[in-house]
There are 2 protein chains.
Amino acid sequence: MPTRPRPYHHGDLRAALLTRAEETLREKGPTALSLRELARDLGVSHAAPSRHFKDKQALLDALALAGFERLGEIMAASQEGIGESFAERLDAMVRAYVGFATANAALLDLMYSVKHDPEASEALSASVQRWSAQTVELIAEGQRRGEVREGPVERIGLPVFTTLHGYADLATSGMLPPEATEHGLDDVIAYILRGSAPD
Amino acid sequence: MPTRPRPYHHGDLRAALLTRAEETLREKGPTALSLRELARDLGVSHAAPSRHFKDKQALLDALALAGFERLGEIMAASQEGIGESFAERLDAMVRAYVGFATANAALLDLMYSVKHDPEASEALSASVQRWSAQTVELIAEGQRRGEVREGPVERIGLPVFTTLHGYADLATSGMLPPEATEHGLDDVIAYILRGSAPD
DNA sequence: ACCTGAACACCGTTCAAGT
DNA sequence: ACCTGAACACCGTTCAAGT
């Protein structure tokens, strides 16, 4: 059992930084996130992170990107092995999104506070693009089945996604009255169905 | 013209701190907000702010509270001297909220990121309470006129507010595609009307 | 009551230098 | 290539002391 005299750090500093960063984000909030503390936790010098992220902001951007990737996967997974009616698929997607939001409140906040200028991270906007296409696909499928009103998919999808996101944001910021968590999500889903149903 | 040899600072340090803080919040974002810089800008020592805000967080809380107060006023004002139909009143309120959001993006973010535990600022939750009552009143009035479906006002009002807030949040975080700003708000308003109309 | 100055324990970022 | 150590210019917070 050759105890390697610890390698450069313990494998992959870049990945380790991201993992640890997300933990402290979840546990102690975004303001408590410090590069120096991260480095201390991982047993490297405080200057080491700069080899992998030129900036603190660069680390936050990478965190946001990873978040969007995971959210995309979760939303895609919510559509697997499920009924084909629009109501069922919408229900699953809404619950997937809200579930992710409540389980990763601080991360979602970060994801939406990262600047979304076109100049910003190429990969990030590509990722956003990818999963926003999923809600568009949901709407298009609903239209094919005659369960969603006619019209440009983007223009119908926007209010739908807007409602979904608004509920998730309010829920995670603790602004919803306690009674709301009871029927709140059900009411929101029913309301989306009414808003997107054919006349 | 007696040049008073500058008073303690220049009038009311507490108010001056809040004003300046909101300016830098708007111009340079929340991470650039520093107590020491605020103090420098106002020509007082870096320890002076602590007489008026025990904490940096206390200043942020006060900022958020002021924001909710102003938002409440704006939404109330949007209902003055306007037609009585639900469609008109809803339209005015949505535009008031979204207008405030886009004009004060960073502040709105701050308002919703302040912890909303019941233990948090008494005044803050009272203020939130006050203006959330306004949307409830809008719904109740619409029901009286037979333009909004029957049911508990809170359960009908939640999806409505959720949509409104979601749009404002997406718009201010720059996540809406450029095409969306064209018809986006109109579409959202029409969708809210459909979602809350009687069957 | 309101503010100052110094002190303490932190930050992010940069850069020579080591292996 | 990857990391260290020291240095620089910042932070927030506290506390004796001044007026």
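The chains referred to below are lettered A, B, ... by the order of the sequence lines, with proteins before strands, and numbering in each begins at 1. Owing to the predicted nature of the structure, the values given are computational and were not obtained by experimental measurement.
Shown here are the side chain to side chain contact (heavy atoms under 4.5 Å, CB included) partners of A/Thr181, two or more places apart in sequence or in another chain: there are none. Shown here are the side-chain hydrogen bond (donor to acceptor under 3.5 Å, both in side chains) partners of A/Glu73, two or more places apart in sequence or in another chain: there are none. For B/Glu154, the side-chain hydrogen bond (donor to acceptor under 3.5 Å, both in side chains) test picks out no residue, with sequence neighbours left out. Residues satisfying the ring-ring contact (aromatic ring centres under 6.0 Å, His included) criterion with B/Phe53, sequence neighbours excluded, are absent altogether. Here A/Tyr191 pairs with B/Tyr191 under the ring-ring contact (aromatic ring centres under 6.0 Å, His included) rule; sequence neighbours left out.
A/Asp12 places its CG atom 10 Å from the P atom of D/dC2, with the value rounded to the nearest Å.
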Note to self: How would you summarise protein contacts on nucleotides 7-17 of chain C per nucleotide, using B for base, S for sugar-phosphate only and - for none, with heavy-atom distances below 4.0 Å?
What the structure shows: B---BBBBB--
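Checked for salt-bridge contact, B/Glu22 and B/Arg26 meet the test: a charged N lies under 4.0 Å from a carboxylate O.
Among the duplex regions that DNA chain D forms, those built from at least three successive Watson-Crick or G-U pairs under 3.5 Å are C:4-8 with D:12-16, C:12-16 with D:4-8, ordered by first number.
Listed by first then second residue, pairs satisfying salt bridge (charged side-chain N to carboxylate O under 4.0 Å, His left out) with a partner in residues 129-140 of chain B read B/Glu69-B/Arg130, B/Glu137-B/Arg144, not counting sequence neighbours. Among residue pairs with one or both ends in residues 93-102 of chain B, those qualifying as salt bridge (charged side-chain N to carboxylate O under 4.0 Å, His left out) are B/Asp91-B/Arg95, B/Arg95-B/Asp186; sequence neighbours excluded.
Proximity of B/His52 to the phosphate of C/dC3: a side-chain N or O atom is located under 4.0 Å from OP1 or OP2.
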